J.: 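Supplied in structure tokens, the structure appears directly below.
Hydrogens, waters and symmetry mates are skipped; everything else that's a heavy atom, side chains included, is used. Protein chains get the first letters and strands the later ones, always in sequence-line order, with residue 1 at the start of each. Everything quoted here is computed from the prediction, not taken from an experiment.
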Amino acid sequence: MKYYDSYKLFHGKNSIKEYGALIAANTALLIVGGVLIRVINNEHFQGFITGAVTFLCGVAALTVGFALVSAVFNGNWPESPGYKFFHSVADGAGHFRRAILFSNMLSLFPIALYAAVGGVMFQHFIIVIMTITAFFMLGLINLTSHIKSPWVRIGSFCIVGFAFGFYAGVVGDEEESFPVLPLNVTIIVCAVVLAFYIVSLIVATMKAEKRWNKEV
Amino acid sequence: MDAILSSKGLTKKYSKFTLGGIDLELPKGFATALIGANGAGKTTLIDVLCGVIHANAGEVTYFGEYKDIDSSELRERIGYCAAQGFFPAAWKAKDIAEAMSMAYAKFDRERFNKLCQELEVDDENTKKAKPMYKQSDGNRMRTALAAVFARETDLLILDEPGSTLDPLMRDRLCDRMRGYLDDGNGEKSILFSTHNIADMENAADYAVFMDKGQIIEQGFVEDLKDKYVIVRGDAADYDNSKALMLSHNVNKTVFEGLALAAHKNRFEAEGAVCERPTLQQLSIGMLKYAEERR
């Protein structure tokens with residue numbers, strides 16, 4: 001409850017309803033897409049739906065998670081309206097730490113749901129790529145949130161996005177060999193990204209108090 | 001004097017500005033106006049006092065007992081409202097009420113809604129309520145004031161509460177501030193900042209004048225009005241009087257300035273007229289004096 005309260009401090013009213021609706025719509029789109037590629041037996045259509053739905057739903061899941069986490073981090077930017085309110089509240093640093101943790105936990109839900117439903121419906125490698133990209137991006141937010149310049153974050157997001165896109169492209173080109181080499185590589189990449197995300201979360205929560213009291 | 005808040009050597013340094021060595025004593029049970037030009041350090045001082053930013057040196061004692069602004073008990077007793085952007089831009093009245101109830105034990109939601117209605121802004125029950133970014137500066141300030149007045153506090157610290165309000169609303173704010181002090185039976189106090197005291201003159205009992213991060217004068221308004229005089233005379237007599245004036249204006253026919261009341265007889269001997277200043281005249285004279293001596 002304490003964690004939920006801290007999350008609510010940074011988000012205002014219960015925003016879970018809105019996010020819940022978005023996640024439900026995203027999941028529904030994945031299911032409909034998955035059903036369509038089974039029902040309509042046309043290679044071009046199946047390719048189009050697979051590419052479009054898996055990509056769009058992956059980006060949507062990441063965006064929902066991103067919004068949940070970045071709303072908390074924005075509370076510590078002097079340029080953001082609300083900064084003075086958050087910083088005038090008792091135990092602001094404690095709220096900040098708890099809200100980072102809670103919003104991170106919440107943000108994992110749409111991504112995990114995307115991975116599970118998308119994995120079952122499409123059984124396509126892009127689902128794995130999008131999922132690990134989402135984890136990596138969230139980790140990046142956790143780690144770069146204290147950097148004043150937004151360009152550092154935007155730049156690193158662009159580089160990571162491009163890198164994962166390139167990786168997906170390479171894997172797509174060599175789809176035939178996918179079960180042999182890339183699977184091993186992918187398991188390693190998954191493990192590294194997961195470790196990166198966990199470390200970023202630990203660093204973000206451990207340094208929350210210091211960041212809160214550091215004036216930019 | 002029983003002080004609700006006192007500071008000693010309070011210092012906050014930035015690369016291009018220093019709030020330096022602030023020694024302040026705010027009287028308990030009164031409204032204190034923090035007066036200064038833009039960039040005088042009023043907001044910095046308020047932010048330090050409210051714990052939004054931390055001082056580099058010096059100490060503050062609140063209610064004669066607390067020294068640590070991070071104490072939850074102390075923050076519960078202080079109601080603070082920033083000059084602008086106090087709440088996140090996307091928030092509506094309902095978000096504000098939720099966050100305030102979460103942050104403060106003594107936040108009264110019913111009172112918040114009632115105050116919002118009185119101040120003619122969206123409350124929690126307003127259908128299609130607008131987020132802060134779609135509201136005018138004045139309405140944002142009204143909502144923030146409703147939120148802060150809906151709390152049970154012992155000290156209100158308001159940063160430029162009147163600057164974005166229309167004259168009628170400023171008048172209502174002054175009444176509300178008076179009501180807050182009256183309800184407190186001498187136990188509640190207010191500190192508010194302003195760069196234009198004219199519309200809030202009735203709300204101030206004690207005044208603190210600031211310039212370039214320093215306090216240049218402070219005292220009860222009535223005492224300050226006794227301490228200084230406004231001098232008026234013919235331009236021909238200006239040269240004889242100007243040495244005794246703290247700040248002055250002169251044109252082809254008349255001169256006017258601020259001086260210590262102790263020199264009143266000398267001005268009158270020169271044929272000038274001395275009047276008791278209003279707080280507005282005192283503010284302009286003080287700030288001009290500080291500006292000329294920078």
J.: So for atom CD, which belongs to B/Gln84, do other residues, nucleotides or ligands contribute more than 12 heavy atoms lying within a distance under 6.0 Å?
T.: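 No.
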J.: Report the distance from atom CD1 of B/Ile53 to atom OG of A/Ser88, rounding to the nearest 0.5 Å.
T.: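 OG of A/Ser88 is found 12.5 Å from CD1 of B/Ile53.
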J.: Flag yes if more than 12 heavy atoms outside B/Phe63 fall under 6.0 Å of its CZ atom; otherwise flag no.
T.: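 Enclosed: over 12 neighbouring heavy atoms sit under 6.0 Å from CZ of B/Phe63.
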J.: Please report the shortest heavy-atom distance between A/Pro81 and B/Phe87, naming the atom on each side.
T.: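 Minimum heavy-atom separation between A/Pro81 and B/Phe87: CB-O, 3.5 Å.
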J.: Between B/Asp47 and A/Lys84, is any pair of side-chain heavy atoms under 4.5 Å apart?
T.: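 Touching, per the 4.5 Å side-chain cut-off.
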J.: Is the number of heavy atoms from other residues, nucleotides or ligands within 6.0 Å of OH (B/Tyr133) greater than 12?
T.: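 Result for OH/B/Tyr133: open.
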J.: Within a strict 4.5 Å, meaning less than it, do heavy atoms of the A/His11 and B/Glu98 side chains meet?
T.: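 The answer is no; the side chains never approach within 4.5 Å.
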J.: Are more than 12 heavy atoms from other residues, nucleotides or ligands located less than 6.0 Å from atom CD of B/Glu110?
T.: no
J.: So does B/Glu118 have more than 12 non-hydrogen atoms from other groups sitting under 6.0 Å from CD?
T.: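 Yes, the 6.0 Å shell around CD holds more than 12 heavy atoms from other groups.
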J.: Should B/Phe86 and A/Tyr83 count as side-chain neighbours, where that means a heavy-atom distance under 4.5 Å?
T.: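 A side-chain contact is absent here, since even the closest heavy-atom pair is not under 4.5 Å.
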J.: What part of A/Phe86 gets within 4.5 angstrom of chain B, counting heavy atoms only: side chain, backbone, both, or neither?
T.: side chain
J.: Take a 6.0 Å sphere around CZ of A/Phe55 and say whether it holds more than 12 heavy atoms from other residues, nucleotides or ligands.
T.: no
J.: Using 0.5 Å steps for rounding, measure from the CG atom of A/Asp5 to the CE atom of B/Met102.
T.: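 The distance works out to 4.5 Å.
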